[in-house]
Student: 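The structure's right below; bear with me while I get my questions together.
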Amino acid sequence: MRFLPYEQLFNRDRKEFHKALDKVIDSGQFILGKDLQIFEKNFAKYIGTQYAIGGNSGTDALFIAMRALGIGKGDVIFVPSMTFIASLEAIKRTGARPFLLDIGEDGLIDSNGYTDKIEPNETIKGVMPVHLEGKVCDMEPWLKLKMDFESKGKQFFIIEDAAQALGAKLGDKKVGWIGDVGCFSLYPAKILGLPGDAGMITTNNSKLYVKCQLLRNHWNIVQQGLPYKPPEELEWTGNSRLDNFLAACGNIKLKKLPLILRRREEIAKKYKKGLKALEDLGLLKLPLIQKGRVYQDYVVRCEDSKGLKEFLAKKYIGTLGVNLIPNHKYKGLGLESFDLPKTEEYLRTQIRIPCNQMMTDKEVNQVIVAIWQFFGKKI
């Protein structure tokens with residue numbers, strides 16, 4: 001059992017994808033075409049925002065969103081080290097500095113680590129809460145801090161990294177709606193994975209929407225007939241467009257997203273029921289049961305995560321995320337000064353077990369039994 005069998009993921013919708021590809025080929029619209037416009041509209045409607053902008057990756061979504069907000073050199077963005085390095089890379093690409101915070105008991109960014117003690121030549125510009133594993137960060141402290149900054153005439157932006165939390169909610173609002181901007185990854189392994197790299201930005205700010213469109217497409221320097229009138233103002237940008245065929249696939253998969261989320265939740269409940277006794281014995285720690293969360297990943301924690309990974313591998317069960325190096329421990333990134341013990345402990349003990357909509361109940365039970373066997377127990 002592989003952690004995620006990609007061929008099954010897309011074979012399920014193969015006929016619909018083929019029809020979509022045929023239509024795209026027949027239309028001749030491969031870049032910024034009608035399918036992308038429809039996908040952006042549908043995606044925004046699903047999140048609850050007015051706008052959505054497609055790009056070529058979740059990493060670029062973060063970068064473009066921050067560029068559009070005017071974040072750059074001399075700015076500081078608070079972000080957890082407990083995230084995929086793309087979060088930090090996007091901040092660095094703008095010229096800003098990532099200020100790393102530790103995590104709370106929920107494994108998400110801890111606002112108690114906030115400080116206004118930064119370098120004299122720097123300006124605090126915002127926070128990037130990362131909704132990791134499908135869990136939702138506590139946003140209230142950051143929303144209050146934003147209000148405090150704005151009451152003093154200062155800017156403070158909330159950039160939601162929702163790459164792992166499409167469909168998750170905080171109250172009646174989905175992630176990607178709560179902050180100034182939401183950024184999503186549509187990489188194949190994600191909940192709404194597409195057959196290629198892709199990302200999406202969501203916002204309710206019309207000016208931000210327009211600027212993100214410009215930033216993803218060479219500031220729209222395209223001759224629309226003659227005489228050509230160049231833009232009055234220009235910025236160095238680049239190319240980060242979501243291909244029309246991938247957008248067509250996105251429209252197919254978006255309709256099935258509720259079923260995908262429901263099946264993943266069903267699997268999580270089976271894991272909870274089947275592994276709870278091991279947690280009661282103090283042998284295993286199960287993931288946070290949080291209202292509104294989704295299950296991009298099912299992460300369990302134990303002291304011998306490496307041993308558990310090796311044992312499950314012998315049972316032909318694939319896992320991920322064991323003994324990962326925290327971002328602040330990578331040499332050469334200049335982040336070694338940050339002391340983040342909770343992040344280090346979480347990464348030392350975590351292991352991701354399979355949790356995807358293609359799994360059968362039999363496979364779920366196979367994982368549960370194997371974990372019991374690792375601890376020398378009978379279920």
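Heads up: numbering here begins at 1 and tracks the sequence.
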Student: Which heavy atom of Ala96 sits nearest to which heavy atom of Ile77, and what is that distance?
Tutor: CB-CG1, 4.4 Å
Student: Would you call the rings of Phe149 and Tyr114 parallel, tilted or perpendicular, where under 30° means parallel and over 60° means perpendicular?
Tutor: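 If you compare the ring of Phe149 with that of Tyr114, the planes turn out perpendicular.
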Student: So is Arg264 actually on top of Tyr295's ring, under 6.0 Å and inside 45° of the axis?
Tutor: no
Student: Tell me whether the rings of Phe184 and Phe43 are parallel (<30°), tilted (30 to 60°) or perpendicular (>60°).
Tutor: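 The rings of Phe184 and Phe43 stand perpendicular, inter-plane angle above 60°.
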Student: Between Trp177 and Leu170, is there a side-chain heavy-atom distance shorter than 4.5 Å?
Tutor: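 They are not in contact (no side-chain heavy atoms under 4.5 Å apart), so the answer is no.
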Student: Applying the 4.5 Å side-chain criterion to the ILVMFWY set and letting contacts propagate, would Leu320 and Ile267 be lumped into a single cluster?
Tutor: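 No, it is not one cluster - the side chains of Leu320 and Ile267 are not joined through contacts under 4.5 Å.
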Student: Is the Lys NZ or Arg CZ of Arg348 less than 6.0 Å from the centre of Tyr346's six-membered ring, within 45° of the axis?
Tutor: no
Student: Would you find more than 12 non-hydrogen atoms of other residues, nucleotides or ligands less than 6.0 Å from Lys269 atom NZ?
Tutor: no
Student: Does a side chain donor of either Ser87 or Asp161 reach within less than 3.5 Å of an acceptor in the other side chain?
Tutor: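 Result is yes, a qualifying pair exists.
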Student: For Phe157, is the NZ or CZ atom of Lys125 found under 6.0 angstrom from the centre of its six-membered ring and inside 45 degrees of the ring axis?
Tutor: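 The answer is no, since Lys125 fails at least one limit relative to Phe157.
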Student: Measure up the Tyr209 and Tyr51 rings against each other and bin them: parallel (under 30°), tilted (30 to 60°), perpendicular (over 60°).
Tutor: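 If you compare the ring of Tyr209 with that of Tyr51, the planes turn out parallel.
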Student: Please check: side-chain N/O of Asp243 versus main-chain N/O of Phe245, any donor-acceptor pairing under 3.5 Å?
Tutor: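 Answer holds: no.
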